[in-house]
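Numbering of ligands and ligand atoms starts at 1, following listing order.
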Amino acid sequence: MKNRIRRTMMFLNTQRASLVKDPYVYGPDCVILDLEDAVAEGEKDSARIQLFNTLKYADYHGVEIFVRINGLDTPYYKEDIRASVAGGCNGIRIPKVEQASDVQYVEELVVAAEKEFDREVGSTMLMAALESPLAVMNAYEICKSSRRLMGVALSAGDFVRTMHAKRTTHGAEIFSARSQIVLAARAAGVMAFDTVHTDIDDVETLKRDTELIRDMGFDGKSVINPRQIAIIHDVFTPSEKEIRHAERIIIALEKNKKKGVGVLVVDGKMVDVAMIEGAKRTLELAKASNKYRGSLI
Ligand SMILES: CC(=O)SCCNC(=O)CCNC(=O)[C@H](O)C(C)(C)COP(=O)(O)OP(=O)(O)OC[C@H]1O[C@@H](n2cnc3c(N)ncnc32)[C@H](O)[C@@H]1OP(=O)(O)O
Ligand SMILES: O=C([O-])CC(=O)C(=O)O
Ligand SMILES: [Mg+2]
């Protein structure tokens with residue numbers, strides 16, 4: 001499904017059997033089985049075999065599975081795509097996408113693999129990681145490149161490297177990339193994901209960064225460690241007050257639509273039809289966190 005709640009997408013090293021067997025226990029919204037940078041150069045083939053077996057035989061209890069394939073400048077990506085599609089992953093995350101044609105090229109290989117392995121053509125989603133200045137400049141074209149493209153992600157490690165910038169805790173070096181990516185994604189109607197936070201013990205920065213990207217309009221964040229999941233989900237969970245306010249907006253707007261009234265006051269604030277989408281999203285996020293059981297007051 002192209003649109004659903006995806007607050008966390010947790011990377012794991014496909015080389016390590018202890019990681020791939022049951023990552024769903026940590027409760028991420030999605031996992032990313034990584035064949036790219038987490039896997040050592042000499043282990044690419046064995047990681048791919050482990051990937052296929054995991055996709056085929058492990059039960060992830062409904063947690064969505066993406067595979068990060070190796071880059072299009074490596075000898076590995078074609079076999080990575082075949083193994084991912086043959087195993088039946090939900091989607092492929094393409095690293096270091098620079099232009100729309102990179103996505104379209106991968107799509108051609110995915111179609112061929114879907115036919116080869118009797119998968120429904122069109123069933124494998126794609127997402128693109130934007131990891132360079134050129135990729136960020138081309139963000140809108142990339143977001144519009146394919147009907148299969150579910151979303152785009154900022155990858156700050158490689159972005160900062162290719163910008164000759166320095167990764168900081170205040171994040172000024174990635175602010176323009178974040179802005180451009182979330183704008184492009186929203187304009188194209190796809191989802192936007194923020195980068196990983198590599199300092200696992202720095203909970204304060206992770207929390208602050210997540211609040212920032214939530215307020216900018218991002219849908220979620222890439223994650224490298226299970227300890228980061230609850231922190232991010234917590235930031236994306238609306239408060240009781242926000243839930244009740246969202247409910248009152250929906251009820252009031254529905255009621256007044258019938259009467260031909262477009263603008264009204266709820267909890268002392270002006271609301272109009274433009275706010276209904278935000279209110280519904282608040283309830284979706286509340287449901288995802290098990291904080292809401294559909295009471296509508
Ligand atoms: C810049 C990029 O490209 S990022 C994307 C590529 N990088 C990755 O995929 C790395 C993913 N993360 C990891 O491999 C690990 O979290 C590390 C190496 C960073 C740290 O590992 P650890 O020091 O073991 O972390 P920690 O002590 O918090 O682990 C706690 C438990 O969670 C497990 N765990 C840690 N990370 C993950 C993960 N990403 N997915 C699933 N399980 C994990 C550990 O195996 C451990 O399990 P155990 O208690 O049964 O032994
Ligand atoms: O996709 C990510 O967030 C991780 C990554 O590759 C990077 O930071 O370069
Ligand atoms: Mg990278």
| request: Before giving the answer on salt bridge (charged side-chain N to carboxylate O under 4.0 Å, His left out), spell out for Arg7 and Asp219 the whole-Å C-alpha distance, their side-chain angles and the decisive distance to 0.1 Å. | output: CA-CA 6 Å; Arg7 301 159 297 182; Asp219 296 281; over 6 Å; no

| task | Test Ser46 against Gln15 for side-chain hydrogen bond (donor to acceptor under 3.5 Å, both in side chains), laying out the working first. | result | CA-CA 7 Å; Ser46 64; Gln15 212 182 315; over 6 Å; no

| task | Give the C-alpha distance, both sets of side-chain angles, the deciding distance and a yes or no for salt bridge (charged side-chain N to carboxylate O under 4.0 Å, His left out) between Lys96 and Asp73. | result | CA-CA 9 Å; Lys96 301 184 177 71; Asp73 56 348; over 6 Å; no

| query | When you look at Arg178 and Asp209, which way does the salt bridge (charged side-chain N to carboxylate O under 4.0 Å, His left out) test go after all the steps? | reply | CA-CA 11 Å; Arg178 278 175 166 160; Asp209 256 22; 3.1 Å; yes

| task | Check the pair Ser289, His233 against side-chain hydrogen bond (donor to acceptor under 3.5 Å, both in side chains), reporting the backbone distance first and the verdict last. | result | CA-CA 7 Å; Ser289 66; His233 286 186; over 6 Å; no

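Residues Arg93 and Ser222 bring a donor and an acceptor atom of their side chains to less than 3.5 Å of each other. In the model, Ser146 has no side-chain atom that pairs as donor or acceptor with a side-chain atom of Gln104 under 3.5 Å. A side-chain donor-acceptor contact under 3.5 Å links Thr205 and Asp202. For Asp80 and Asn70, the side-chain atoms include at least one donor-acceptor pair closer than 3.5 Å.
Each of Arg208, Arg214, Lys207 was compared with Glu211 under the salt bridge (Lys or Arg N to Asp or Glu O under 4.0 Å) criterion, and only Lys207 meets it.
Ranking the protein heavy atoms by distance from atom 33 (C) of ligand 1 puts Tyr26 OH, 3.5 Å first. Of all protein heavy atoms, the one closest to atom 24 (O) of ligand 1 is Arg16 NH2, 4.9 Å. From the protein, the heavy atom lying nearest to atom 45 (O) of ligand 1 is Leu19 CD2, 3.3 Å. Distance from atom 13 (C) of ligand 1 to its nearest protein heavy atom, with residue and atom name: Ile224 O, 3.8 Å. Of the protein's non-hydrogen atoms, the one nearest atom 25 (O) of ligand 1 is Asn225 ND2, 3.2 Å. In this structure, the protein non-hydrogen atom closest to atom 36 (N) of ligand 1 is Pro226 CD, 3.3 Å. Atom 1 (C) of ligand 1 has Val196 CG2, 4.4 Å as its closest protein atom, hydrogens excluded (heavy atom only). Scanning the protein for heavy atoms near atom 9 (O) of ligand 1, the closest one is Phe11 CB, 3.4 Å.
Closest non-hydrogen pair, Val103 versus Val97, comes out as CG2-CG1, 3.9 Å.
Between the Mg ion (ligand 3) and Asp158 there is an N/O/S contact shorter than 2.8 Å. At least one N/O/S atom of Glu131, from backbone or side chain, sits under 2.8 Å from the Mg ion (ligand 3).
Within a 4.0 Å radius of atom 4 (S) of ligand 1, the protein contributes one or more non-hydrogen atoms. Not a single protein heavy atom sits closer than 4.0 Å to atom 30 (C) of ligand 1. Atom 48 (P) of ligand 1 lies below 4.0 Å from none of the non-hydrogen atoms of the protein.
Shown in contact with Ile200 at under 4.0 Å from a heavy atom are these atoms of ligand 1, numbered in order with element: 19 (C), 20 (C). Near Asp34, meaning under 4.0 Å from one of its heavy atoms, ligand 1 places the atoms 6 (C). Against a heavy-atom cut-off of under 4.0 Å, Ala38 is close to the following atoms of ligand 1: 6 (C), 7 (N), 8 (C), 9 (O). Those atoms of ligand 1 that come under 4.0 Å of a heavy atom in Met10, given as number and element, are 40 (N), 41 (C). Close approach of ligand 1 to Arg227 is summarised as follows: ligand atoms under 4.0 Å from at least one heavy atom of the residue are 26 (P), 28 (O).
Electrostatic pairing of Arg244 and Glu240 counts as a salt bridge here, judged by a charged N lying under 4.0 Å from a carboxylate O. Using a cut-off of 4.0 Å between Lys/Arg side-chain N and Asp/Glu carboxylate O, Glu64 and Arg6 are scored as salt-bridged. For the pair Glu79 and Arg82, the salt-bridge criterion is met [side-chain N within less than 4.0 Å of a carboxylate O].
In the displayed structure, Phe117 atom CZ is contacted under 6.0 Å by more than 12 heavy atoms of other residues, nucleotides or ligands.
At least one heavy atom of Arg68 sits under 4.0 Å from some atom of ligand 1.
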Short N or O separations between ligand 2 and the protein, below 3.5 Å:
| from | atom 1 | to | atom 2 | distance (Å) |
| --- | --- | --- | --- | --- |
| ligand 2 | 1 (O) | Arg93 | NH2 | 2.8 |
| ligand 2 | 1 (O) | Ser155 | OG | 2.6 |
| ligand 2 | 3 (O) | Thr195 | OG1 | 3.4 |
| ligand 2 | 3 (O) | Val196 | N | 3.3 |
| ligand 2 | 6 (O) | Arg68 | NH1 | 2.8 |
| ligand 2 | 6 (O) | Glu131 | OE1 | 3.4 |
| ligand 2 | 8 (O) | Ala156 | N | 3.4 |
| ligand 2 | 8 (O) | Gly157 | N | 2.8 |
| ligand 2 | 9 (O) | Glu131 | OE1 | 3.2 |
| ligand 2 | 9 (O) | Asp158 | N | 3.0 |
| ligand 2 | 9 (O) | Asp158 | OD2 | 2.9 |

